[in-house]
Each structure stands twice: as structure tokens, then as C-alpha cells.
Asker: 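Please see the structure below; I have some questions.
A note on names: the letters A, B, ... follow the listed sequences, proteins ahead of strands, and every chain is numbered from 1.
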Protein chains: 2
Amino acid sequence: MSCERQRFVVDCPSRLLFDQIADKWSMMVLTVLDPGPMRFNAIKRHLEGVTQKALTQCLRRLERNGLVSRRVIPVSPVAVEYEITRLGRSLQHPFKALYAWMLDHLEEVDEARRIFDERGLPGSGTDFRIPTTS
Amino acid sequence: MSCERQRFVVDCPSRLLFDQIADKWSMMVLTVLDPGPMRFNAIKRHLEGVTQKALTQCLRRLERNGLVSRRVIPVSPVAVEYEITRLGRSLQHPFKALYAWMLDHLEEVDEARRIFDERGLPGSGTDFRIPTTS
DNA sequence: CCGTATCCTAATAGATACTG
DNA sequence: CAGTATCTATTAGGATACGG
């Protein structure tokens with residue numbers, strides 16, 4: 001690897017894969033499934049605000065990508081159980097690192113946001129942007 | 001947290017923060033900025049397919065969250081330099097872990113997808129697949 | 001050069017009704 | 001229970017045009 005900066009091309013596999021796994025619900029679904037298999041509505045109850053449609057789509061994508069397996073239990077009414085796969089479990093390591101980072105830096109990000117938003121407010125006059133020391 | 005499965009509530013700070021950082025371009029922008037400061041159009045050239053609008057929005061959010069700093073150099077025409085902050089740099093560790101996971105498991109995910117997509121095709125009357133272009 | 005503003009279209013989310 | 005189907009509303013994305 002040279003010292004050149006990386007260029008991200010459109011068909012870069014990592015880009016395509018990132019779009020698959022970094023969606024709104026996947027990380028939470030995998031976390032919820034970590035302790036063991038779970039049925040659809042049980043998962044749903046753990047994710048406040050998710051709609052049935054959104055969860056279905058998310059679970060389909062996770063299944064398609066091999067991160068979750070789906071098992072239909074032929075009772076009546078039908079029961080469907082979702083289970084995290086070995087592959088899905090392996091993804092949890094980077095996810096947990098990201099989660100830990102978020103917990104560690106919540107206040108710092110919040111503070112940055114507060115400062116940024118404040119900077120925008122007072123500008124009733126000609127607010128020439130002052131180069132920050134950062 | 002107890003042994004109970006976690007329930008993700010809507011105002012969970014980690015959820016809100018995740019939505020901020022797990023967007024389409026942030027991870028790539030931070031990676032590109034890693035070696036040192038860079039100007040707007042230079043960043044743009046490194047991210048194939050990004051529009052000016054999308055990159056502007058992404059950089060604003062990164063700046064607001066304290067992950068990137070923005071410095072206007074008052075020459076004519078104006079030059080603007082973006083630099084990754086210490087906070088942004090710290091986020092690179094979990095990002096790199098995620099990136100490494102993707103590289104490690106590209107084939108495995110691809111294979112899972114192939115199997116899943118194959119499974120969906122039958123049902124049009126025959127057990128035998130008609131070879132498709134894909 | 002580095003944006004913002006505008007317009008337009010495409011994609012997504014949400015609500016609701018329905019089925020095995 | 002676990003979806004699918006459908007419709008609508010809101011949003012996101014892309015293409016200019018323009019300004020400091």
C-alpha cells in the first residue's frame with residue numbers, strides 16, 4: 001500500500017456492503033437477537049418505533065446477506081423464529097466497538113453540536129466567519 | 001444493563017448518534033481526511049459519485065458533530081480546508097474495524113446472497129432454474 | 001472555488017386493509 | 001401471528017442556475 005490517499009469508486013464492494021449493513025435497524029436487530037432466537041413480534045416489541053414493514057424489510061435483508069436465519073414453525077397461527085448466524089455474530093464485534101465509541105463520546109458530540117448551533121444563532125449582523133483555532 | 005434483552009427506545013442517544021454517523025459518505029470522508037487537511041473539491045474527487053450537495057451536507061454534519069473542522073482561507077476565489085479532528089480520528093478505530101470486517105466477509109456475504117436469490121426463483125412451475133444473465 | 005437556492009423527480013416511510 | 005398489497009405523504013436525491 002502506498003502513501004496515496006484512497007479513492008472510493010462507485011462499485012467498490014465495501015461501499016456496497018456498507019450500505020447493506022449500516023441501515024437504521026440492522027445493528028439493533030442483531031443486538032436483540034444476540035442472546036438467542038426470537039419471533040417476529042417479540043423483536044418488534046424491542047425496537048420502539050419500528051413499523052412492521054420496516055422490520056420485515058430489515059429482516060429480509062439480514063437474511064439475504066446471511067446474518068440472520070429464518071425458520072417457519074408450522075403451527076397455527078404460524079410462528080416464525082429468527083436467529084443470528086455465525087456470520088451475523090461476527091459482525092457484532094465491530095458493531096460493539098462502534099456502540100462503545102458512541103457511549104464514550106456522546107457528551108463530546110453533544111457539546112460540539114451545542115457550540116456549532118450557537119455559532120449560527122447570533123448572526124443577525126454581518127457575521128464574518130472567524131478562523132477557529134480548533 | 002441487566003441480563004434482560006435490551007429494548008431500544010426512540011430517544012436513546014446512541015440511536016440518534018448512530019443515525020448521524022452511519023450515513024452514506026461520512027466514513028469515506030473521514031478516511032480520505034485521515035492523512036491530512038484537504039480542500040472541498042479535492043475530497044469530492046476522491047469520492048466517486050458524490051454530488052456537491054451531498055458532500056456539503058455530509059461535511060456540515062461532520063462539522064456540527066465535531067468530527068471535522070472547517071477553515072476558510074480568504075484568498076480569491078475562496079479556499080476551504082477540511083481537517084479531521086481528534087474526535088473524528090477516534091471514530092476511525094471502530095470504522096476501521098467495520099471496514100476490516102467487510103473486507104474479510106465479502107465473499108461469505110456474496111455467497112449467502114447468491115443462495116438466497118436462487119431460492120426465490122422457483123415457483124414458476126419448475127424445479128429447474130433457467131440460467132439468468134446475473 | 002465553494003458553496004446556496006430552486007425546481008423537479010425518485011425513493012422511502014407510514015397508515016391501513018387484507019390473507020393463510 | 002406474520003406477513004403482503006396498496007395508497008399516500010413526506011423526504012431525499014439530482015440537475016441546473018446563481019452568488020460571495
Side-chain angles (χ1 to χ4, degrees), chain A residues 8 10 15-16 18-26 28-29 32-33 37-64 68-83 116 119-120 123-132, chain B residues 8 10 15-16 18-26 28-29 32-33 37-64 68-83 116 119-120 123-124:
Chain A
F8 291 95
V10 284
R15 267 181 68 168
L16 302 174
F18 181 78
D19 293 341
Q20 290 281 316
I21 63 180
D23 69 298
K24 197 171 163 60
W25 301 106
S26 289
M28 285 183 268
V29 169
V32 166
L33 289 181
M38 215 179 198
R39 292 178 56 179
F40 185 87
N41 279 330
I43 300 170
K44 188 169 181 299
R45 277 190 292 275
H46 281 268
L47 308 182
E48 192 181 86
V50 75
T51 63
Q52 190 174 41
K53 185 175 162 183
L55 183 55
T56 300
Q57 286 169 350
C58 180
L59 286 167
R60 283 293 166 283
R61 184 172 44 247
L62 288 171
E63 189 194 359
R64 184 166 113 92
V68 153
S69 67
R70 179 179 183 270
R71 189 174 136 251
V72 178
I73 303 159
V75 293
S76 179
V78 71
V80 180
E81 211 174 60
Y82 291 92
E83 185 173 10
F116 182 91
R119 200 147 42 93
S124 49
T126 51
D127 179 48
F128 191 76
R129 195 179 279 274
I130 302 152
T132 55
Chain B
F8 292 95
V10 285
R15 266 181 69 167
L16 302 174
F18 182 77
D19 293 341
Q20 289 281 316
I21 62 179
D23 70 298
K24 197 171 161 60
W25 299 107
S26 290
M28 285 184 266
V29 169
V32 166
L33 289 182
M38 215 179 197
R39 292 178 56 178
F40 184 86
N41 279 330
I43 299 171
K44 189 168 181 297
R45 277 190 291 275
H46 281 267
L47 307 182
E48 193 182 84
V50 74
T51 63
Q52 190 174 43
K53 186 176 164 183
L55 183 55
T56 300
Q57 285 170 351
C58 179
L59 286 168
R60 282 294 166 283
R61 183 172 44 248
L62 288 171
E63 189 195 359
R64 185 166 112 93
V68 153
S69 65
R70 179 178 183 271
R71 188 174 138 251
V72 179
I73 303 158
V75 292
S76 181
V78 72
V80 181
E81 211 173 59
Y82 291 92
E83 185 172 11
F116 183 91
R119 197 147 46 88
S124 46

Asker: Whole-Å distance between C/dC2 P and B/Lys44 NZ?
Answerer: 11 Å

Asker: B/Val29 versus B/Leu55: any side-chain heavy-atom pair under 4.5 Å?
Answerer: yes

Asker: Which nucleotide span of DNA chain D, 5' end to 3' end, has atoms closer than 4.0 Å to non-hydrogen atoms of chain A?
Answerer: D/dC1 to D/dT6

Asker: Are side-chain heavy atoms of A/Val50 and A/Met28 found at a separation under 4.5 Å?
Answerer: no

Asker: To check you understand the geometry: which heavy-atom pair defines the closest contact between B/Trp25 and B/Cys58, and what is its length?
Answerer: CB-SG, 3.8 Å

Asker: Counting only side-chain nitrogens and oxygens, does B/Arg70 get under 4.0 Å of the OP1 or OP2 atom of C/dC2?
Answerer: no

Asker: Is any side-chain heavy atom of B/Arg70 closer than 4.5 Å to a side-chain heavy atom of B/Leu59?
Answerer: no

Asker: Taking all atoms of both residues into account, what is the closest heavy-atom pair of A/Arg60 and A/Tyr82, and its distance?
Answerer: NH1-OH, 3.4 Å

Asker: Bend across the helix from C/dC1-D/dG20 to C/dG20-D/dC1, to 10°, with axes taken over 5 pairs at each end?
Answerer: 50°

Asker: Does C/dC1 have OP1 or OP2 sitting under 4.0 Å from an N or O in the side chain of B/Tyr82?
Answerer: no

Asker: Produce a footprint string for nucleotides 13-20 of chain C: one letter per nucleotide, 5' end first; B if the base is under 4.0 Å from any protein heavy atom, S if only the sugar-phosphate is, - if neither.
Answerer: BBB----B

Asker: Output every pair passing side-chain hydrogen bond (donor to acceptor under 3.5 Å, both in side chains) with a member in residues 38-49 of chain A, not counting sequence neighbours, ordered by first then second residue.
Answerer: A/Glu48-B/Arg7

Asker: Which atom names give the shortest non-hydrogen contact between B/Val78 and B/Val72, and what distance separates them?
Answerer: CG2-CG1, 3.5 Å

Asker: Rounded to whole Å, how long is the line connecting atom CG of A/Asp19 with atom P of C/dT12?
Answerer: 11 Å

Asker: B/Gln20: what forms a side chain to side chain donor-acceptor pair (under 3.5 Å) with it, not counting sequence neighbours?
Answerer: B/Asn65

Asker: Hey, does B/Val32 have a side-chain heavy atom less than 4.5 Å from the side chain of A/Phe8?
Answerer: yes

Asker: With sequence neighbours excluded, tell me which residues meet salt bridge (charged side-chain N to carboxylate O under 4.0 Å, His left out) with A/Arg15.
Answerer: none

